[in-house]
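I have a structure here, written as structure tokens, and I will follow up with some questions on it.
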Amino acid sequence: MDITSGIPTFINVFVVLILSGTYFRLLKDYKARYMNIGTLEDKDMPLFYEDKKKLEKAE
């Protein structure tokens with residue numbers, strides 16, 4: 001019974017570690033834009049999927 005809950009747990013931990021870089025980049029951007037903490041590195045960074053698609057169509 002422990003193995004059936006252990007395998008998905010390890011997969012989830014692995015995926016969280018892979019996505020942590022993106023999370024921290026977005027968190028830093030959010031703080032700079034809306035909380036005025038830090039500096040804004042990329043003003044044109046697409047925050048949403050729709051914004052990213054609009055930029056790709058424009059190029």
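Because only heavy atoms are used, hydrogens play no part in the values below, and waters and symmetry mates are left out as well, while side chains stay in. Numbering of residues begins at 1 and proceeds along the displayed sequence.
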For the CD1 atom of Ile7 and the CG atom of Asp2, what is their distance to the nearest 0.5 Å?
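It comes to 11.5 Å.
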All salt bridge (charged side-chain N to carboxylate O under 4.0 Å, His left out) counterparts of Lys28, not counting sequence neighbours:
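Counting only residues at least two positions away or on another chain, Lys28 forms a salt bridge (charged side-chain N to carboxylate O under 4.0 Å, His left out) with Glu41.
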If the condition is salt bridge (charged side-chain N to carboxylate O under 4.0 Å, His left out), which residues does Lys53 pass it with, not counting sequence neighbours?
Glu56
State the CG-CG distance between Leu26 and Leu19, to the nearest 0.5 angstrom.
10.5 Å
Check which hydrophobic residues are tied to Leu17 through side-chain heavy-atom contacts below 4.5 Å, counting indirect links as well, and list them.
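Members other than Leu17 - counting any ILVMFWY side chain reachable under 4.5 Å - are Val13.
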Test of understanding: with side chain to side chain contact (heavy atoms under 4.5 Å, CB included), list the residues that count as partners of Arg33, not counting sequence neighbours.
Asp29, Leu40, Met45, Leu47
Applying side chain to side chain contact (heavy atoms under 4.5 Å, CB included) to Thr39 and not counting sequence neighbours gives none
Which pairs, with at least one residue in residues 5-31 and sequence neighbours excluded, count as a ring-ring contact (aromatic ring centres under 6.0 Å, His included)?
Tyr30-Tyr34
